[in-house]
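Below: the structure, in structure tokens.
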2 protein chains.
Amino acid sequence: MSMIETLDANGGDVEGSEAVSLHRRILSDISEKILSGAWAPGHRIPFEHELTAEYNCSRMTVNKALSQLAKAGLIERRRRSGSFVRRPQSQAAVLEIHDIRIEVEALGLLYRYERVARHKRRSNVEDRTLLELNAAGPVLVLECRHFAGKRPFAHEQRLINLAAVTEAADEEFLGIAPGPWLIGRVPWSAAEHRIRAVAADKHIAAALDIAAGAPCLVVERRTWSAEHPVTHVRFTYAAGSHMLVARFTPSQG
Amino acid sequence: MSMIETLDANGGDVEGSEAVSLHRRILSDISEKILSGAWAPGHRIPFEHELTAEYNCSRMTVNKALSQLAKAGLIERRRRSGSFVRRPQSQAAVLEIHDIRIEVEALGLLYRYERVARHKRRSNVEDRTLLELNAAGPVLVLECRHFAGKRPFAHEQRLINLAAVTEAADEEFLGIAPGPWLIGRVPWSAAEHRIRAVAADKHIAAALDIAAGAPCLVVERRTWSAEHPVTHVRFTYAAGSHMLVARFTPSQG
DNA sequence: CGCCTCAATATGTATATACATAATCGTCAT
DNA sequence: ATGACGATTATGTATATACATATTGAGGCG
């Protein structure tokens, strides 16, 4: 059970940094010491009762700050021993994947959506692999294109598990793309993304108006809602037309 | 200022779910209601004093749970009005970028590292763009290859800002790759990744033993340590040899 | 009707206190 | 030495309380 969370230390103060609650100040003081390297990994940070004296506050206030640092992974707390600076673990970054319309409009281009194909079928083996389904059931198969200005921007191949999203069976997806349609309608509890580079096959090349064999960025996403597989989608972007950005900013934004 | 954090609701209880602190139970109860869809976006969740009565506990305990839910982005709290379920904002996922040695060994293959080139120079305009440096200064330029078994797995082009990491000037990087060398030595406070697909140019094609023009996945990472740019690295992987995985799991691991 | 003011209300933060729990350390007996 | 055991210690969780702060809603007034 993990969750992405924003640890707002002191609200990104620029000038006039006041009106900051005390536990946030303690938190940002300590994280600054860690991230600047002043307190190296393994360093024991002051005990709660020492910080209590230093900041002239109650232990609860110090505890709140230290607990948050521990959850953020910057420190490790050990009973009877104290709290220690953890060594950086993995290069984990937050990857924000927005709606394609947003991406296109952020480029200052006109967004257009086109549904290429849609049909219902009983899931075959490949569908069940993609959706991680155990039993056969009805699925909706969609193919769409997203345009930025006049040029095709992304190609979308999507499977929707109709057992999980029955209402989708009656939707034509002519006026609205499946992504935005699903968001808000189905609360998703988990998602997995796979990102890779591929060479465009003939079909993709035609859809994106590029040469066959040209490099493409593929982002596949599988989504679950409360243990039920909901959808699998594969977005294909021509190389150069799109780039993913992921950030890690432990404390200074 | 954001940070990746693990919101451990109830520790992923399977059987015998006991010994869970009360505020975690409240937290997981509410997040379950939200993620299952029982409480739709916009729904007002009970007031603190109502939950206080429901769980027969103090307001501080309820507050702790709700504050964490708010920081996790699941709910929004408004004074005088109450707390409301937020609608899913963006498809933010956690992208873990491991050391290449780990990636290779996870495939069951033998890892080998090779330093192709290394030289020091005064940063040129391109270097300063990549590192986001304002002034000129010494940089270390490195080119390396990472092998999986007999085949080249990744090509690495790296710039190190010697003003920020003076010790790197004396390191040959023959026995150790720059990534692991930097980790642990330099506490990094921020990182930005850019991921895209490109066609291999002649140089990359030769280094990775693939055809020129073949699709490649490129991961670029820029790293800062306390406001100072530390390094810029570009990893290039042949299509098919590598794939990135990013996950979002709000509550069910 | 619009505007101001004030009271009511929910959340935000902090305090002092209490007991539980886990880990370590020293002591003592084997 | 070695192992058992209890004291000590730091953190983990929870309580009751207090006041601050933002925002809503009602009432009064021009």
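So that the names make sense, note that chain A is the first sequence line, chain B the second, and so on, each numbered from 1. Bear in mind that the values here come from a model prediction, so they are computed numbers and not experimental data.
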Quickly work out the B:Lys64 NZ to C:dA14 P distance and round it to whole Å.
14 Å

Distance, rounded to the nearest Å, where A:Lys71 contributes NZ and D:dT11 contributes C1':
16 Å

Check for me whether the distance between the ring centres of A:Tyr237 and A:Phe153 falls short of 6.0 Å.
yes

Ignoring backbone atoms, establish whether A:Ser83 has a side-chain N or O less than 4.0 Å from OP1 or OP2 of D:dT11.
yes

Taking the minimum atom-to-atom distance to the side chain of B:Phe47, which one of C:dA10, D:dG12, D:dT15 wins?
C:dA10

Quick one: does B:Leu142's side chain get under 4.5 Å of B:Leu140's, heavy atoms only?
yes

Under-3.5 Å donor-acceptor pair between B:Arg77 side chain and C:dT11 base:
no

For A:Arg24 and C:dG12, what is the distance between atoms CZ and C1' respectively, to the nearest whole Å?
10 Å

Residues A:Glu76 and A:Arg86 bridged, charged N to O under 4.0 Å:
no

What is the distance, rounded to the nearest whole Å, between atom NE2 of A:His49 and atom C1' of D:dT8?
13 Å

Let me spell it out: for each of A:Asn63 and A:Ser81, pick the nucleotide of DNA chain D with the closest heavy atom. Which residue's pick is nearer the 5' end?
A:Ser81

Sugar-phosphate, base or nothing in reach of A:Ser58, heavy atoms under 4.0 Å
base

Whole-Å distance, A:Leu66 CG to D:dT13 P, equals 13 Å

Measure the distance from CZ on A:Arg25 to C1' on C:dG12 and round it to the nearest whole Å.
18 Å

Out of C:dA22, C:dT11, C:dA18, which has the shortest distance to the side chain of A:Arg79?
C:dA22

Nearest whole angstrom, please: distance from the P of D:dT11 to the CZ of A:Arg59.
8 Å

Checking all strands, does A:Leu22 fall into the base, sugar-phosphate, or nothing category for heavy-atom contacts under 4.0 angstrom?
sugar-phosphate

Aromatic ring pairing A:His146/A:Tyr113, orientation class (parallel under 30°, perpendicular over 60°, tilted between):
tilted

Would you indicate, yes or no, if D:dA10 has its OP1 or OP2 atom less than 4.0 angstrom from a side-chain nitrogen or oxygen of A:Arg78?
no

Do A:Arg234 and A:Glu156 meet the salt-bridge criterion of a basic N to acidic O distance under 4.0 Å?
no

Given C:dT11, is OP1 or OP2 found less than 4.0 Å from the side-chain N or O atoms of B:Arg80?
no

Whole angstroms only, please: what is the CE-C1' distance between A:Met60 and C:dC19?
14 Å

